Structure formats: structure tokens, C-alpha cells
Enquirer: 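Got a structure for you, questions after.
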Amino acid sequence: MNTPIWDFVTRYCEGDPLRLHMPGHKGRGPLGAEARDITEVPGADVLYPAAGIIRESEENAAALFGTARTLYSAEGSSLCIRAMLYLALLGRAPSARRPVVLAARNAHRAFLTGAALLDLDVAWLWPDPSSGYLSCPVDAGALDRALTALPEPPVAVYLTSPDYLGNLADLPALSAVCRRRGVLLLVDNAHGAYLKFLPKSLHPMDLGADLCCDSAHKTLPVLTGGAYLHIAESVPAHIARQAEPALALFASTSPSYLILQSLDLANRTLVEGFRERLADFAGQTAELKDRLARQGWQLSGAEPMKLTLLPKSRGYTGAELETLLRARGISCEYADPDCTVCMLTPDVDPAGLDRLEAALADLPPKAPIGTRPPPLTRPEQALSVRAALLSPQEDCAAGDSVGRILAMPTVSCPPAVPILAAGERIDKAAAALFDYYGVTRCLVTAEQ
Ligand SMILES: Cc1ncc(COP(=O)(O)O)c(C=O)c1O
């Protein structure tokens with residue numbers, strides 16, 4: 001597989017031109033990466049719309065993922081999520097009603113900011129209360145009933161799979177409902193770019209998604225910020241045609257060529273042995289998970305490359321376990337009172353899994369911790385997502401926040417299902433959750 005962006009920049013650097021264009025570092029600096037950090041000079045193409053080397057590289061990615069079209073983002077899945085929502089809105093039949101997107105409650109805040117910017121209302125697909133805040137399982141029957149309950153079809157169904165803790169949605173069943181109902185299915189697959197390359201693909205584009213974003217940087221060997229927006233054949237042509245304008249609507253006009261080169265090189269890496277390395281590493285990880293389970297560690301989530309430990313059964317909170325692992329030179333992705341999340345890829349140091357296993361074996365089991373997260377509650381929607389997110393905001397001590405309206409969700413707390421979305425009133429139950437998750441301050445809408 002060729003690497004047209006990387007090759008262009010190599011030739012450009014070899015030509016050693018006098019750089020009288022951006023960026024200001026002129027190709028020199030302390031990072032060592034400055035020489036390759038170019039801008040949209042002649043021959044380098046532009047990102048939106050791409051017609052030269054970037055387009056060629058995107059076509060390589062589309063061939064790898066088996067999509068009708070794959071577009072690059074140098075600004076993460078966050079950018080792609082906004083573009084997906086805009087595209088869904090474009091496909092809407094004329095109506096006097098306000099547009100609604102039907103979304104599983106475990107959505108990332110980029111979804112909320114996108115809905116706010118596009119003036120979309122959100123109808124939530126709630127999980128069963130027994131699943132709490134640690135996962136958001138939605139079954140096909142519940143989706144079907146939620147669609148029936150809406151006064152008119154939503155602009156799209158929006159699912160997050162995998163989520164931060166490694167839970168996978170039943171996409172084949174859920175996409176079948178969307179297809180039958182003629183509703184677009186958008187999937188936030190920020191955590192699952194690699195799913196395409198497992199021996200049996202679990203990638204949303206192979207399981208029925210119409211539009212899907214992947215944060216290549218989260219699970220593939222790609223620099224932070226590199227992401228894909230995938231478009232399926234099933235997307236009507238008049239919507240698919242607007243994908244680049246949709247990205248351009250929200251994107252910077254100065255895309256990072258370091259990130260674009262990284263996405264470009266990843267195409268070659270992915271065809272040159274990645275599948276084999278992933279299959280081998282997934283096997284080792286599955287064996288590790290089995291051994292840990294036999295030793296009494298409680299694990300969560302079916303995603304193969306995520307190791308989510310629920311260590312209270314061994315007498316440790318998630319945060320304590322994270323600290324103990326850090327003291328042993330192991331740096332995890334996330335921890336909260338209930339869980340510790342490790343993100344794995346075949347690029348983990350070959351001895352890495354052994355180190356992790358040895359570090360866990362070094363921690364003696366203690367009396368189980370019985371505390372559980374407070375049960376899932378449904379807060380009152382006091383303002384629309386847009387009204388809340390776009391209103392003046394105030395920083396407020398969590399302890400003083402009861403009765404106020406949340407303006408901006410806290411970053412990732414808890415990571416699967418947010419305590420509150422923008423526009424929802426903070427009640428006593430939410431305040432108890434803030435306390436449980438150690439949230440001490442929150443952003444609320446300003447009182448006039
Ligand atoms: C579920 C989910 N969706 C979307 C995003 C945003 O992705 P990015 O950081 O690539 O913009 C994240 C980031 O952590 C995420 O966890």
C-alpha cells in the first residue's frame with residue numbers, strides 16, 4: 001500500500017526549500033518533528049475537500065475498512081461526531097417539529113456539544129436501571145419501542161460502542177431495527193478502530209452502521225488527534241456528498257500534517273502484519289483475562305483489547321489499584337471508585353502483559369469492599385441541551401449545586417453513563433453521585 005502523504009513530505013524535506021510559509025518554526029525546533037510539520041503548500045493537497053495526495057491516502061483507508069468512503073480528521077472523533085450529526089440533519093424530511101436524535105445515554109460530551117451547535121434535541125435511550133452507571137445496554141426491543149414512542153422519526157439513532165469501559169452494543173440487532181425503520185444509524189466507535197482487524201471483524205461498519213467515527217489514535221499506531229469518518233454504501237448519495245463540507249464546517253483550516261502523515265503510514269502498517277500481530281496479542285490478552293478471572297479478579301466488558309478491572313471484590317477501589325499500579329511503573333488509562341481501565345494494543349511492550357500480571361499478583365486479596373455506585377436515576381430536563389450549553393456558565397461547588405442546571409457535563413465521570421447531561425437539573429441523587437465520584441466542582445447555567 002502506498003503512502004502518498006508521507007512520500008510528499010519526504011521529498012519536500014529533501015528539497016530543503018526556504019520556508020516562507022506557515023508554520024512559524026520553519027521546520028526547525030526542539031521537538032525534532034518540526035521539519036515534517038508542513039502546511040497546505042502546492043502539491044500537499046488540502047484536507048477538505050481533498051483531491052490529491054490526501055484523497056489518495058483516504059482511498060487507501062477506505063479500501064482497508066471496506067467502506068464507500070473514509071475521510072480523515074486531524075481533530076479526533078470529536079470533529080467526526082459533529083459532522084455525523086450535521087449529515088443526519090441534512091437527510092431529514094421537511095417537518096414543522098424540532099429535529100430529534102435518539103441516543104443511547106452513554107454518549108461522550110462531543111455528542112452533546114454537536115447537538116447544541118446544530119440545535120438538535122436529544123431523546124435518550126436509557127439502560128435498564130439495574131445496569132447502573134457502568135454500562136448502557138440497549139436491546140433491539142427497547143430501541144424499537146423508543147422509536148415508536150417518538151411523534152416522528154428521529155434524524156438518526158446514535159450509539160456509542162465500545163464505550164470507555166469496553167462494553168460492546170449488540171450492533172447487528174440494533175442496526176436491523178434502524179434499517180427496518182429507515183432511520184440512519186450513527187456509531188461512535190472512538191474506542192474501536194482496531195475492531196476491523198480482528199480475525200472476525202467486530203467493526204461497526206461491518207455490523208450495520210451507516211456512519212461511524214473511529215479515533216485511530218486511541219487503538220491504532222496513530223498520533224493523537226488522527227481519526228476516521230466512515231460512510232457506508234447505504235447512506236443516500238445526497239448526504240454522502242456533503243461529508244467533506246460537514247467536516248469543514250467544524251474543523252480548523254490548519255490541519256496537522258504530522259497527524260495526516262501518521263494516518264497515511266498507518267494504512268501501510270495495517271496491511272503489513274498488523275492483523276497477525278493483533279490476532280496473536282488478542283489471544284495472549286484473552287488468556288491473561290482468563291487467568292486473572294481464575295485468580296479472583298472481576299473483569300468487565302467484552303471488548304478484546306480493553307482490560308477493565310472491578311477490584312472492589314479484591315478489597316481495592318479502582319483508584320487505589322491505579323495508584324498501586326502506577327507505583328509499580330504501570331500507567332493506566334482511567335480509574336474511578338469501581339474500576340481501573342487498561343487499554344492494550346499489539347504495540348504494548350512484549351513483556352508488558354507479564355509485568356501487569358506480576359504487579360496484580362503482588363497485591364494480596366483483602367476483604368471485599370461492599371459499596372456500590374448509587375442507582376441510576378433520570379434527572380429532570382430543565383433546559384434543552386443547546387440552551388444550557390450556549391448559556392453563560394458559572395463554576396459551582398458540587399455541594400452547593402442542588403437545584404441548579406448543569407451547563408457542561410464533567411469530562412468523564414463516570415465514564416460509561418454520565419451523571420447528568422447538559423440542561424438537566426442537579427438533584428440530590430446527582431449530588432450524591434458527584435460525591436461518590438469525587439466531583440467537587442461543576443459548571444452550571446448562570447442565574448440571571
Ligand atoms: C466514547 C468517546 N467518544 C468520543 C471521544 C472523542 O474522541 P477524540 O478524543 O478522538 O476526539 C472520546 C474520547 O475519549 C470517547 O471516549
Side-chain angles (χ1 to χ4, degrees), residues 47 61 70-86 101 103-117 122 124-125 127 133-138 156-169 171 185-195 202-204 209 211-230 246-247 250-252 255-256 258-260 262-263 266 300-303 305-306 308 332-336 339 341-345 408-419 421-422:
L47 183 51
T70 288
L71 297 162
Y72 288 162
S73 159
E75 294 167 71
S77 282
S78 300
L79 172 62
C80 304
I81 288 169
R82 292 179 191 120
M84 289 201 293
L85 292 174
Y86 172 74
V101 55
R105 181 71 177 180
N106 56 346
H108 184 260
R109 76 175 181 172
F111 167 76
L112 285 176
T113 55
L117 292 170
V122 179
W124 293 112
L125 279 165
Y133 287 85
L134 299 183
S135 64
C136 186
V138 175
V157 167
Y158 182 94
L159 302 173
T160 301
S161 176
D163 65 21
Y164 211 87
L165 299 187
N167 300 298
L168 292 164
L171 290 180
L185 174 60
L186 279 41
V187 179
D188 172 350
N189 181 49
H191 287 259
Y194 78 95
L195 295 172
L202 291 177
H203 194 279
L211 292 164
C212 163
C213 65
D214 300 351
S215 295
H217 67 94
K218 292 194 199 296
T219 62
L220 297 178
V222 169
L223 289 182
T224 297
Y228 309 113
L229 172 60
H230 301 297
L247 287 158
F250 300 105
S252 164
S256 161
L258 290 178
I259 295 174
L260 295 176
S262 180
L263 285 164
S300 164
E303 194 209 307
M305 288 289 100
K306 218 167 241 152
T308 300
C332 302
E333 167 64 25
Y334 173 81
D336 71 15
C339 60
V341 179
C342 302
M343 289 180 73
L344 306 171
T345 77
M408 173 66 92
T410 47
V411 183
S412 56
C413 208
V417 178
I419 296 170

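Atoms within a ligand are numbered from 1 in the order they appear, just like the ligands themselves. Note that this is a predicted model, so its numbers are computed, not measured.
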Enquirer: Of all the non-hydrogen atoms in the protein, which one sits nearest to atom 13 (C) of ligand 1, and at what distance?
Expert: Lys218 NZ, 2.9 Å
Enquirer: Considering only non-hydrogen protein atoms, determine which one is nearest to atom 8 (P) of ligand 1 and report residue, atom name and distance to 0.1 Å.
Expert: Ser77 N, 3.5 Å
Enquirer: Check whether any heavy atom of Ile81 sits under 4.0 Å from an atom of ligand 1.
Expert: yes
Enquirer: Tell me: protein heavy atom nearest atom 11 (O) of ligand 1, and distance?
Expert: Ser78 OG, 2.6 Å
Enquirer: For Thr160, what residues pass the side chain to side chain donor-acceptor pair (under 3.5 Å) criterion, not counting sequence neighbours?
Expert: none
Enquirer: Can you tell me how far apart CE (Met84) and CG (Leu229) are? Round to the nearest 0.5 Å.
Expert: 7.0 Å
Enquirer: Do any N or O atoms from the side chain of Ser135 and from the backbone of Pro137 form a donor-acceptor pair under 3.5 angstrom?
Expert: no
Enquirer: How far is atom 15 (C) of ligand 1 from its nearest protein heavy atom, and which residue and atom is that?
Expert: His108 CD2, 3.4 Å
Enquirer: Which atom pair, heavy atoms only, marks the closest approach of Thr224 to Ile259?
Expert: O-CD1, 3.3 Å
Enquirer: Distance from Thr70 atom OG1 to Asp214 atom CG, nearest 0.5 Å?
Expert: 8.0 Å
Enquirer: Could you measure the distance from the CZ atom of Arg109 to the CD1 atom of Ile81? Nearest 0.5 Å is fine.
Expert: 12.0 Å
Enquirer: Going through the checks in order, is the side-chain contact (heavy atoms from CB on, under 4.5 Å) test met by Cys213 and Asp188?
Expert: CA-CA 5 Å; Cys213 65; Asp188 172 350; 3.9 Å; yes
Enquirer: Starting from atom 16 (O) of ligand 1, which protein heavy atom do you reach first, and at what distance in Å?
Expert: His191 NE2, 2.8 Å
Enquirer: Using heavy atoms and a 4.0 Å limit, tell me yes or no: is Asp163 in contact with ligand 1?
Expert: no
Enquirer: Please classify the Thr160 to ligand 1 contact at 4.0 Å (heavy-atom distances, strictly less than): side chain, backbone, both or neither.
Expert: side chain
Enquirer: Identify the protein heavy atom lying closest to atom 4 (C) of ligand 1, giving its residue, its atom name and the separation to 0.1 Å.
Expert: Asp188 OD2, 3.3 Å
Enquirer: Angle between ring planes, Tyr228 versus Tyr72, binned at 30° and 60°: parallel, tilted or perpendicular?
Expert: tilted
Enquirer: Given Cys213, Ala107, Ser215, Pro162, which has its nearest heavy atom closest to atom 10 (O) of ligand 1?
Expert: Ser215
Enquirer: List ligand 1 atoms under 4.0 Å from Tyr164, heavy atoms only on the residue side.
Expert: 16 (O)
